[in-house]
2 protein chains.
Amino acid sequence: MAVRLEKNPAVSKQALRRMPAYLLYLEALNPTTVVSISATTIANELGLNEVQVRKDLAAASLSGGRPRTGFKVKELIRDIKSYLGYDDVYNAVIIGTGKLGQALLSYQGFAEYGLDIVAAFDTNPELIGQQFNRKPVYPPEKMPEICRSLKIQIGIITVPAEYAQDACDHLTESGIQAIWNFAPVLLTAPPEIIVQNENMAISLAILSQHLSVKLKKQH
Amino acid sequence: MAVRLEKNPAVSKQALRRMPAYLLYLEALNPTTVVSISATTIANELGLNEVQVRKDLAAASLSGGRPRTGFKVKELIRDIKSYLGYDDVYNAVIIGTGKLGQALLSYQGFAEYGLDIVAAFDTNPELIGQQFNRKPVYPPEKMPEICRSLKIQIGIITVPAEYAQDACDHLTESGIQAIWNFAPVLLTAPPEIIVQNENMAISLAILSQHLSVKLKKQH
DNA sequence: TTATAATCAGTAAATTAATATCGATATTTA
DNA sequence: TAAATATCGATATTAATTTACTGATTATAA
């Protein structure tokens, strides 16, 4: 029998970044025709090294794969989701209901990731009282009260850059645990607060630098 | 004299990811009071290792820093921008004018990064002919013609997941060079096309996993 | 039933990235 | 003007990550 000695080996930050790609790939498979899949196949499809994929999967998978057939697709999806914490449901609020805030409020896909956006905050009187995707917009003063009563863990910042630190401070005072920051600002927060920056500039920097190198080559 | 032997040493992908943070930090400084800054200071402020910062800056900076004072802030900003290709202006189009597409069309900050979004495409007849932030929305059929005549290099995909591959194919046929993909899908594109995924799921995965670990500790 | 081949898990080696150290140099201070 | 010190660039070391290798295991086919 294939015994897995290390149950859930330490996983690198890089591996954590690859997990969502595995999920996307696995979920795109037809579950009726593809029951099992090997690390080799996934690696080839995603352009990764097969040992790397096998190690990543070993970290997330509870039951492991079996020689010759690979991993059960359904189990693997479930295990990766559980590994990433998508099973636990977190309540979130959005600060700033501009276009981006509205886009996030309207996006149906977050349920997949265990993220439940339950309310939004905005200073604009015209937006306060409105709903987006059946989620109400409140004035910022209500933040502490609402966050505590609704047991909000995550605050999503989608305000313009100049108001982002304010939003961060408000959220911190309202007792949230983590911040997902879409504003192009470096936030200052207490160390116990998890801050994850969704920095489109990073993505754009990588794209731009590649493109710059590519276009220079063409001359 | 402090001679820099290696002019622009090879930089890692990780370093490239840190560059936008340096820019954010440097641009937040008051240019009248802070003329020069040391790698040490930046490292402390951003919570990074000082040698790492010095190496990163050495890769981007043309003139280098000088002992005791550090780097000239204005020069450094200029050099990093140039290094990231923000000097070159790239023309882009947006495919999909839902909330996210509209948010990107309306965002004024892309000019900073040398990104000029000049038009959008959507299948929705109600949106075709409209403008967002003075940028017109065209039907997809016009993509090849418009992309070629306006010399579009970058296509930004903001359609729902199920249409993303179609959008990608259209863009490829329209002669663009790079794709910035916001849809949660793994795109298949010719190898010469640069594909950069803006995968919010990665960010969310990291946040979620941290939070999961954090909340478990509290018990 | 036995041989073959694909795949896994685990360990070792190689590569890449991060951090520590060192001599040189420019500014500040005595 | 000389000594002290902060900072740089470069090299050396350590740590993390990726890739290669090996033996075990299971399905398939002879």
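In what follows, every chain begins at residue 1, and chains take the letters A, B, ... in the order their sequences are listed. Keep in mind that what you see is a predicted model, and the values were worked out from it rather than measured.
- At whole-Å resolution of the value, NZ in B/Lys72 and C1' in D/dT7 are 15 Å apart.
- For the pair B/Glu50 CD and C/dC22 C1', the computed distance is 13 Å after rounding to whole Å.
- Using a 4.0 Å cut-off between charged side-chain N and carboxylate O, B/Lys81 and B/Glu112 make a salt bridge.
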Heavy atoms under 4.0 Å is the rule here; annotate nucleotides 15-22 of chain D 5' to 3' with B where the base is hit, S where only the sugar-phosphate is, and - elsewhere.
--SBBB--
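- In terms of modelled atom types and a separation under 3.5 Å, the side chain of B/Asn181 and the main chain of B/Asn197 share no donor-acceptor contact.
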Trace of the side chain to side chain donor-acceptor pair (under 3.5 Å) decision for A/Glu75 with A/Ser63
CA-CA 8 Å; A/Glu75 272 184 27; A/Ser63 47; 2.6 Å; yes
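- Listed for the A/Gln153 side chain is a donor-acceptor partner under 3.5 Å among the backbone atoms of A/Asn91.
- Rounded to the nearest 0.5 Å, atoms OH (A/Tyr22) and CG (A/Leu48) are 5.0 Å apart.
- DNA chain C is contacted by A/Ser38, A/Ala39, A/Thr40 of residues 24-43 of chain A, taking any non-hydrogen atom closer than 4.0 Å.
- A straight line from CD of B/Glu75 to P of D/dC8 spans 14 Å, rounded to a whole angstrom.
- Put simply, the side chain of A/Ser212 never gets that close to the backbone of A/Ser208: no donor and acceptor are under 3.5 Å apart.
- A/Phe121 places none of its side-chain heavy atoms less than 4.5 Å from the side chain of A/Ser174.
- Between A/Ile154 and A/Leu115, some side-chain heavy-atom pair lies under the 4.5 Å cut-off.
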All N/O pairs under 3.5 Å across the protein-nucleotides 2-5 of chain D interface:
{"from": "D/dT5", "atom 1": "O2", "to": "B/Arg68", "atom 2": "NH1", "distance (Å)": "2.5"}

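- Annotation for B/Lys72: atom NZ does not count as buried by contact number, only 12 or fewer foreign heavy atoms lying within 6.0 Å.
- B/Arg66 places its CZ atom 14 Å from the C1' atom of D/dG9, with the value rounded to the nearest Å.
- Distance alone, capped at 3.5 Å, places no donor-acceptor pair between the B/Thr41 side chain and the B/Ile37 backbone.
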